[in-house]
Student: 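Could you have a look at this structure, given as structure tokens, before my questions?
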Number of protein chains: 2
Amino acid sequence: MVFKKEIMNQLKEEILSLRLTPGTIISETALSERYQLSRTPIRDILKQLSLEDYIHIYPKKGNIVSYIDLESVEQIIYLRYALEKEIMKELMRGIPLKDLHVLKDNLLRQLQCIDEPENTDAFLELDDEFHKTMFILAGREFLWELIQQFNVHYVRYRKLHMLKKDKLKEIQQEHQFILDCIVGGEEGRIDELLHHHLRSDIRFIDFQEPYTQYIKQ
Amino acid sequence: MVFKKEIMNQLKEEILSLRLTPGTIISETALSERYQLSRTPIRDILKQLSLEDYIHIYPKKGNIVSYIDLESVEQIIYLRYALEKEIMKELMRGIPLKDLHVLKDNLLRQLQCIDEPENTDAFLELDDEFHKTMFILAGREFLWELIQQFNVHYVRYRKLHMLKKDKLKEIQQEHQFILDCIVGGEEGRIDELLHHHLRSDIRFIDFQEPYTQYIKQ
DNA sequence: GAAAGTAATCTTGTATACAAGATTTTAGTT
DNA sequence: AACTAAAATCTTGTATACAAGATTACTTTC
């Protein structure tokens, strides 16, 4: 028995990983046959996917995997920038040694992923884990999960962006700076650090072929 | 012909206004008969309502209007606090006179609503309009709409909170301070202002009967 | 009368037939 | 060959019958 949640997570994963490329047609009957389920529960899944912007439903025509919306990417980055500034201030007021160790351990694992191009996905997961941990330590896991619900465009953008040049080393170092800042307590540097870490790249977007066709016009 | 969107907006409005009180049973067949529609489209509506936390679906048991989740309220307030701080900084860099007039006009209309207890709802709408306008002027309407999707708990909390004591005058004055700050340019006061405006009340929640039964335990 | 077990009746979940719009194909005409 | 029009075939949207779990009511038993 295949559960609806499994199917949905599987579809989400395939879309986020870009194995299902933007524009791909997702028909109810195809999924229905693939998973040996009637159209009704399949429709439930597609409805939810459309609400989270994974797909776009054209009534009586069909459903396609959504194109990457750069406007959404920029807005989500701004949201994270504003939030994480506040969260860093919170953590600077004092962070337990045990929790500090969790973050340091994460950075070590990031280092191990660098220079191994096949480990880009693993690095991105550690990146997420680093930021999520900060959210959790500040008592803001709720907001982290909230943002995740609007991450379709950002996650895919980041994946393409990472492929372009190998920025992994740079990102890892910035994470190190962030951690140093939390421990060292230079509140004045927070804005500059996060601005560069999150917002600096978005202005210079120019994806090469064949990725331009993934972008919403 | 009754459209699905109309039905959903109607249900949302009834829940937000507390005419449909938390805990009220919402059965598919009841709605089906009320709107002369089959269960299938009704289920679509309920599915979406549950994703936005308006209702809670208990599989094979039934659906109820969700209870007010104070945790969600606090988190959303924190989110707005962090975001609006950033937005105010943005607006302080310069705001067109025309746009300034829009905000000033809004504050005048707020004044007119005060002292007329039957106009509390109108005041709340103007409150939203004031903040939304700031988002729009800073180019962040996207984020305003994003927050709206998680507002079920906050909107209902605020409604009850406003009923308690008449805080309308105080709120209007704080809006005035915010506007003065944007024009005057005292960046140091932003944090203090918004902290008081958004976050100060949430700690002292103690709803009286009969409202305690609306709150999620 | 109290407790237990069973049956009836609720609820939502799923499968399927049909409706209706959009697209594609095909046949016919010029 | 090119254009037009109609028909066939896609698609999703809706209605409805049935499935299955949860609750309620009732009957039986002690």
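Throughout, a chain's letter reflects where its sequence line sits, starting with A, and its residues are numbered from 1.
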Student: Could you tell me whether A:Glu86 and B:Lys85 make a salt bridge, using a distance below 4.0 angstrom between a side-chain N and a carboxylate O?
Tutor: yes
Student: ring-ring contact (aromatic ring centres under 6.0 Å, His included) between A:Phe150 and B:Phe150: does it pass, once the steps are laid out?
Tutor: CA-CA 12 Å; A:Phe150 291 89; B:Phe150 291 89; 5.8 Å; yes
Student: Heavy atoms, side chains only, cut-off 4.5 Å: are A:Leu18 and A:Leu160 in contact?
Tutor: yes
Student: Select one nucleotide: of D:dA15, C:dT14, C:dC18, the one nearest the side-chain heavy atoms of B:Thr40.
Tutor: D:dA15
Student: Between A:Pro59 and A:Asp44, who's closer to the 5' end of DNA chain C by nearest nucleotide?
Tutor: A:Asp44
Student: Does D:dT14 have its OP1 or OP2 closer than 4.0 Å to a side-chain nitrogen or oxygen of B:Ser38?
Tutor: no
Student: State whether A:Glu90 and A:Arg140 are salt-bridged, where the test is any N-O pair (Lys NZ or Arg NE/NH1/NH2 against Asp/Glu carboxylate O) under 4.0 Å.
Tutor: no
Student: Roughly how many Å is it from CZ in B:Arg39 to P in D:dG13, rounded to a whole number?
Tutor: 18 Å
Student: Please state how far atom CZ in A:Arg43 lies from atom C1' in D:dT11, giving the value in whole angstrom units.
Tutor: 11 Å
Student: Nearest to the side chain of A:Lys60, which nucleotide is it out of D:dG13, C:dT14, D:dT14?
Tutor: D:dG13
Student: I want to check one thing: is the phosphate of C:dT23, taken as OP1 and OP2, less than 4.0 Å away from some side-chain N or O of A:Lys61?
Tutor: yes
Student: Roughly how many Å is it from CD1 in A:Ile25 to C1' in D:dT11, rounded to a whole number?
Tutor: 10 Å
Student: Any side-chain heavy-atom pair from A:Arg158 and A:Asp127 closer than 4.5 angstrom?
Tutor: yes
Student: Once you round it to whole Å, what is the distance between P of D:dT12 and CD1 of A:Ile57?
Tutor: 9 Å
Student: If I take atom CD in residue B:Glu33 and atom P in nucleotide C:dC10, what distance separates them, rounded to the nearest angstrom?
Tutor: 12 Å
Student: How many Å lie between CD1 on A:Ile26 and C1' on D:dT12, as a whole number?
Tutor: 15 Å
Student: Between D:dG13 atom C1' and B:Lys47 atom NZ, what is the distance in whole Å?
Tutor: 16 Å
Student: Please state how far atom CD in B:Glu28 lies from atom P in C:dC10, giving the value in whole angstrom units.
Tutor: 16 Å
Student: Taking only the side-chain nitrogens and oxygens of A:Asn63, find out if one of them lies under 4.0 Å from OP1 or OP2 of D:dT11.
Tutor: no
